[in-house]
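Remarks on the structure that follows.
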Amino acid sequence: MIQPETDPRRPSETTVGEVPRRFASAVAYNAAYPACALPSEPHERNALRGYHAAMAGVEDDVTGSGASLTVEFLPGGAPTAAEPDRLGTVVATHWGQPPVLVLAEFVSLHAAWKAITGHWPTRLSDVRVALAALPAYPGPQC
C-alpha cells in the first residue's frame, strides 16, 4: 500500500487559484517528467484510461482558453479497481495535444480517479478542486 508523507501537502506546488504548470508540447512535458511520460503515439495515448466528461471534454476555465480538455493519468492511464495503484501525475491536454497542464504530482492514481469521477466535473477548476484534497506521497520525481 502506498503511504502518505508524514506531513501531507498539496499534490501540486501550486494552489487551486494559480495557473497550473504549462508545457507547450508533449516533448517538453516528457523531458520534465520522464517517469510519467505522455505517449507520443496517438494510438498509445488514446488507449489510456482518462477522464473526458462523457466525451464532451472538460472546459478550460483556468487558463482562459475555453478549450475542451481531457484529464490524463500518467504513467499508463488511470488504473482500474483490479489493477495495482501507482504514483503519478495528473495532467490536462487538448485531447492528447498541447498544451500539457500539470494538475497534480506524486498522487495515487486510484485516488485521483475516484476524486474526479466522484464529482463528474465539467470544468477544469472543478477538477483541480477535487485533486487538491489528495495527499502527495514520497517517491521518485514523476
Side-chain angles (χ1 to χ4, degrees), residues 2-5 7-142:
I2 297 172
Q3 297 295 317
E5 292 184 36
D7 180 21
R9 62 187 190 281
R10 287 197 176 291
S12 169
E13 295 301 314
T14 62
T15 63
V16 174
E18 295 176 350
V19 176
R21 189 168 180 197
R22 177 187 176 115
F23 293 90
S25 69
V27 171
Y29 165 81
N30 288 346
Y33 294 87
C36 293
L38 183 65
S40 57
E41 295 296 322
H43 70 279
E44 291 176 5
R45 195 172 47 247
N46 294 337
L48 297 178
R49 184 174 180 222
Y51 178 76
H52 45 68
M55 296 305 289
V58 176
E59 177 193 352
D60 180 1
D61 64 337
V62 173
T63 69
S65 76
S68 174
L69 306 174
T70 56
V71 179
E72 317 286 348
F73 301 78
L74 303 170
T80 66
E83 295 175 322
D85 197 5
R86 297 183 300 277
L87 285 181
T89 301
V90 181
V91 302
T93 67
H94 184 64
W95 299 88
Q97 301 301 311
V100 179
L101 304 172
V102 178
L103 305 177
E105 302 172 74
F106 311 109
V107 295
S108 154
L109 295 181
H110 268 298
W113 176 260
K114 284 183 164 185
I116 292 169
T117 59
H119 294 95
W120 297 105
T122 58
R123 297 179 312 152
L124 189 58
S125 60
D126 295 332
V127 170
R128 294 183 73 210
V129 167
L131 293 171
L134 298 177
Y137 293 82
Q141 179 70 28
C142 184

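- Although no hydrogens or angles enter the test, the distance criterion places no donor-acceptor pair under 3.5 Å between the side chain of Arg49 and the main chain of Phe73.
- Taking all atoms of both residues into account, the shortest heavy-atom contact from Arg128 to Val62 is NH1-CG1, 3.7 Å.
- The shortest distance between side-chain heavy atoms of His110 and Ser108 falls below 4.5 Å.
- Not a single donor-acceptor pair under 3.5 Å links the side chain of Arg22 to the backbone N or O of Pro99.
- With rounding to the nearest 0.5 angstrom, the CD1 atom of Ile116 is 7.5 Å from the CG atom of Leu103.
- Residue Leu109 holds its CG atom at 8.0 Å from OG1 of Thr89, rounded to the nearest 0.5 Å.
- Side-chain atoms of Tyr29 come within 3.5 Å of backbone N or O of Cys36 as a donor-acceptor pair.
- Judged purely by atom type and a 3.5 angstrom limit, Glu83 uses its side chain to pair as donor or acceptor with the backbone of Thr80.
- In this structure, CD on Glu105 lies 12.0 Å from CG on Leu74, to the nearest 0.5 angstrom.
- Residues Pro121 and Tyr51 meet the side-chain proximity criterion, which asks for heavy atoms closer than 4.5 Å.
- Taking the six-membered ring where the residue is Trp, His52 and Trp95 present parallel rings, their angle staying beneath 30° rather than reaching 60°.
- The shortest side-chain heavy-atom distance between Pro20 and Val102 does not fall under the 4.5 Å cut-off.
- Closest heavy-atom contact between Pro79 and Pro84: CB-O, 3.7 Å.
- In plain terms, the two heavy atoms of Leu124 and Ala92 that are nearest each other are CD1-CB, 4.0 Å.
- Summarising the geometry, atom CZ belonging to Phe23 is positioned 9.5 Å from atom CG belonging to Asn30; distances are rounded to the nearest 0.5 Å.
- Of all heavy-atom pairs spanning Gly96 and Glu72, the tightest one is N-OE2, 4.1 Å.
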For a side-chain contact (heavy atoms from CB on, under 4.5 Å) check, start with the C-alpha distance between Leu87 and Phe106, then their side-chain angles and the critical distance, and finish with the verdict.
CA-CA 6 Å; Leu87 285 181; Phe106 311 109; 5.6 Å; no

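- When Thr93, Thr63, Val91 are each tested for a side chain to side chain contact (heavy atoms under 4.5 Å, CB included) with Leu101, only one passes: Thr63.
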Between Thr122 and Glu59, does a side-chain contact (heavy atoms from CB on, under 4.5 Å) hold up when you go through it step by step?
CA-CA 6 Å; Thr122 58; Glu59 177 193 352; over 6 Å; no

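- The number of heavy atoms from other shown groups lying within 6.0 Å of NE2 (His119) does not exceed 12.
- Under the salt bridge (charged side-chain N to carboxylate O under 4.0 Å, His left out) criterion, Arg123 pairs with Asp61, Asp126, sequence neighbours left out.
- In terms of heavy atoms, Ala115 sits closest to Leu134 at CB-CD2, 4.3 Å.
- Counting heavy atoms from C-beta on, the side chains of Val90 and Trp113 never come closer than 4.5 Å.
- Thr70 OG1 to Asn46 CG: the interatomic distance, rounded to the nearest 0.5 Å, is 9.0 Å.
- Here the side chain of Arg45 pairs a donor or acceptor atom with the backbone of Pro39 at under 3.5 angstrom.
- The shortest heavy-atom contact between Pro98 and Ala24 is CB-O, 3.1 Å.
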